[in-house]
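Each remark here refers to the structure printed beneath this line.
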Amino acid sequence: MPLVTTTEMFKKAYEKGYAIGAFNVNNMEIVQGITAACKKLNAPVILQVSSGARKYAHHEYLVKLVEAAVEETGLPIALHLDHGPDFETCKSCIDGGFTSVMIDGSSKPYEENVELTRKVVEYAHAHGVVVEGELGKLAGIEDDVNVSEDDANFTQPEEVEDFVSRTGVDSLAIAIGTSHGAYKFKPGQKPQLRFDILAEVAEKLPGFPIVLHGASSVMPEYVKMINEFGGEMPDAIGIPEEMLRKAAGMAVCKINVDSDIRLAMTASIRKHFAEYPSHFDPRQYLTDARNAIESIVEHKINTVLGCAGQA
Ligand code: G3H
Ligand code: 13P
Ligand code: ZN
């Protein structure tokens, strides 16, 4: 089976009330860890590549790694550009084998976001590629963009019909209180999401797939492990899993997770070196990292996404 788009995945996910995991990939061990878990649980998956990942690992390497995973697992896998910053980056990914792109015009004024998104959709659809747009601003850090909490704002439900019909996007990322990175809430602050906004968006766009960015739970066991083995992340806090599961049962069809994978890798490597200070063969500690990624993705599929057996 070749790489797929997200069209069929989202249709089924919407109807059955589950979500597809969209995991960021930056190297071979990450691709292998994620897809091993998906293979074990027969789950469809989106592997996504940020501009930072393209800069780090290079486009061709990531495409070939993902193609190898498709060949090895036989699973439905979509290759997606995460937070495409401009038309040129989207075009380069569309021309270079991706099956899905995100154009992130969320920091631009509304009309500019519409214009840019529409231009990407036109090019993408002519090449059989689907497009995710975004309305509303998440707090947090992605690549070089750091959106402060004051600048972040929730999606306005009254804009979504106009945006979707004028741009022709295939899915829409919205801001309901999630945020990027490992520090999503202040210490002592009660984590909460605006399910009222999600419900209103769903009502205005019946059957339309919604995307949640910044959806790592910042798994406490990995934060604890990092702190135990020499790291310093005492205030790291994420989105409670039951909230994500609730969103997956509503209109949310794609849940983006990167930070939890970073934490699992880092925690397991820190632990490895604490236990085996004399090791210097990367295959030894990267095996632990890959196993930790497999285990966290397995956990997400079972606890948050609900997409096991749906490949
Ligand atoms: O939303 C951002 C993702 O976590 C990707 O992060 O831009 O540092 O690769 P990155
Ligand atoms: P996290 O930082 O919560 O993992 O979010 C990742 C993301 O939204 C990628 O686009
Ligand atoms: Zn994101």
Side-chain angles (χ1 to χ4, degrees), residues 6 19-27 30-31 33-34 45-59 61-62 65 78-86 89-90 93 98 100-107 131-147 149 152 155 171-185 191 193 210-220 222-223 226 233 235-241 243-244 247-248 252-267 292-293 296-297 299-300 304-305:
T6 53
I20 313 288
F23 302 101
N24 288 70
V25 296
N26 292 279
N27 68 13
I30 300 177
V31 172
I34 296 165
V45 68
I46 299 166
L47 298 180
Q48 56 187 13
V49 167
S50 68
S51 294
R54 288 177 92 224
K55 201 160 138 194
Y56 172 74
H58 300 285
H59 181 100
Y61 282 82
L62 293 167
L65 284 172
L79 176 54
H80 174 76
L81 168 65
D82 190 28
H83 294 284
D86 47 41
T89 308
C90 292
C93 289
F98 282 42
S100 174
V101 294
M102 174 190 192
I103 175 68
D104 185 354
S106 61
S107 61
V131 180
E132 173 186 325
E134 177 163 349
L135 266 183
K137 265 189 249 172
L138 273 71
I141 302 164
E142 55 201 50
D143 275 343
D144 303 327
V145 187
N146 186 350
V147 182
E149 238 176 281
T155 302
S171 61
L172 181 69
I174 62 169
I176 58 167
T178 60
S179 69
H180 291 109
Y183 301 90
K184 300 187 192 298
F185 301 97
L193 296 184
I210 299 302
V211 177
L212 273 195
H213 282 249
S216 278
S217 293
V218 187
M219 305 301 291
Y222 287 119
V223 174
I226 286 173
M233 302 188 70
D235 297 330
I237 179 161
I239 313 292
E241 293 184 323
M243 292 189 188
L244 296 166
V252 171
C253 294
K254 173 174 180 271
I255 291 189
N256 284 14
V257 172
D258 185 9
S259 296
D260 275 333
I261 288 184
R262 296 178 179 195
L263 291 166
M265 279 190 96
T266 302
I293 294 167
I296 186 86
V297 171
H299 175 82
K300 297 272 166 197
V304 168
L305 301 162

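One-based numbering, in listed order, for ligands and for the atoms of each.
With sequence neighbours excluded, the residues satisfying side-chain contact (heavy atoms from CB on, under 4.5 Å) with P240 are P191, E242, M243. Among residues two or more places apart in sequence or in another chain, the side chain to side chain donor-acceptor pair (under 3.5 Å) test is passed with S100 by H80. Evaluation of the side chain to side chain donor-acceptor pair (under 3.5 Å) rule for D235 yields no partner, not counting sequence neighbours.
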Present, as a list of atom pairs with distances to 0.1 Å, all nitrogen or oxygen contacts under 3.5 Å between ligand 2 and the protein.
unit_1, atom_1, unit_2, atom_2, d
ligand 2, 2 (O), G181, N, 2.9
ligand 2, 2 (O), S259, OG, 2.7
ligand 2, 3 (O), K184, NZ, 2.6
ligand 2, 3 (O), A215, N, 3.2
ligand 2, 3 (O), S216, N, 3.0
ligand 2, 4 (O), S216, OG, 2.6
ligand 2, 4 (O), D258, N, 2.7
ligand 2, 4 (O), S259, N, 2.7
ligand 2, 5 (O), G214, N, 3.3
ligand 2, 8 (O), H180, NE2, 3.1
ligand 2, 8 (O), H213, ND1, 3.4
ligand 2, 8 (O), G214, N, 2.7
ligand 2, 10 (O), D82, OD1, 2.9
ligand 2, 10 (O), D82, OD2, 2.7
ligand 2, 10 (O), H83, NE2, 3.2
ligand 2, 10 (O), H213, ND1, 3.1
ligand 2, 10 (O), N256, ND2, 3.1

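Donor-acceptor pairing under 3.5 Å is recorded for the side chains of E241 and H299.
Considering each of R262, K55, H83, R54, the one bringing a non-hydrogen atom nearest atom 8 (O) of ligand 1 is R262.
Neither the backbone nor the side chain of N256 comes within contact range of ligand 1; no heavy atom lies under 4.0 Å.
Side-chain contact between I34 and V45: present, with at least one pair of heavy atoms (C-beta onward) separated by less than 4.5 Å. Counting heavy atoms from C-beta outward, I30 and I293 have side chains that approach closer than 4.5 Å. Residues I20 and I255 have side chains not in contact (no heavy-atom distance under 4.5 Å, counting atoms from C-beta outward).
The Zn ion (ligand 3) sits nearest to atom ND1 when only the N, O or S atoms of H213 are considered.
Ligand-side atoms of ligand 1 in range of D258: 3 (C), 4 (O), 5 (C), 6 (O), range being under 4.0 angstrom from any heavy atom. Close approach of ligand 1 to D82 (heavy-atom distance below 4.0 Å) involves ligand atoms 1 (O), 2 (C), 3 (C). Interface atoms of ligand 1 facing N24, defined by a heavy-atom separation under 4.0 Å, are 3 (C), 5 (C).
Rounding to the nearest 0.5 Å gives a distance of 5.5 Å between CG of D260 and OG of S217. Here F98 contributes atom CZ and L81 contributes atom CG; the two are 6.0 Å apart, rounded to the nearest 0.5 Å.
Between N26 and ligand 1, no N or O atom pair is found at a separation short of 3.5 Å.
Between NE2 of H83 and NE2 of H180, the angle at the Zn ion (ligand 3) works out to 100°, rounded to 10 degrees.
Between H180 and H213, the ring-plane angle classifies as perpendicular under the 30° and 60° cut-offs.
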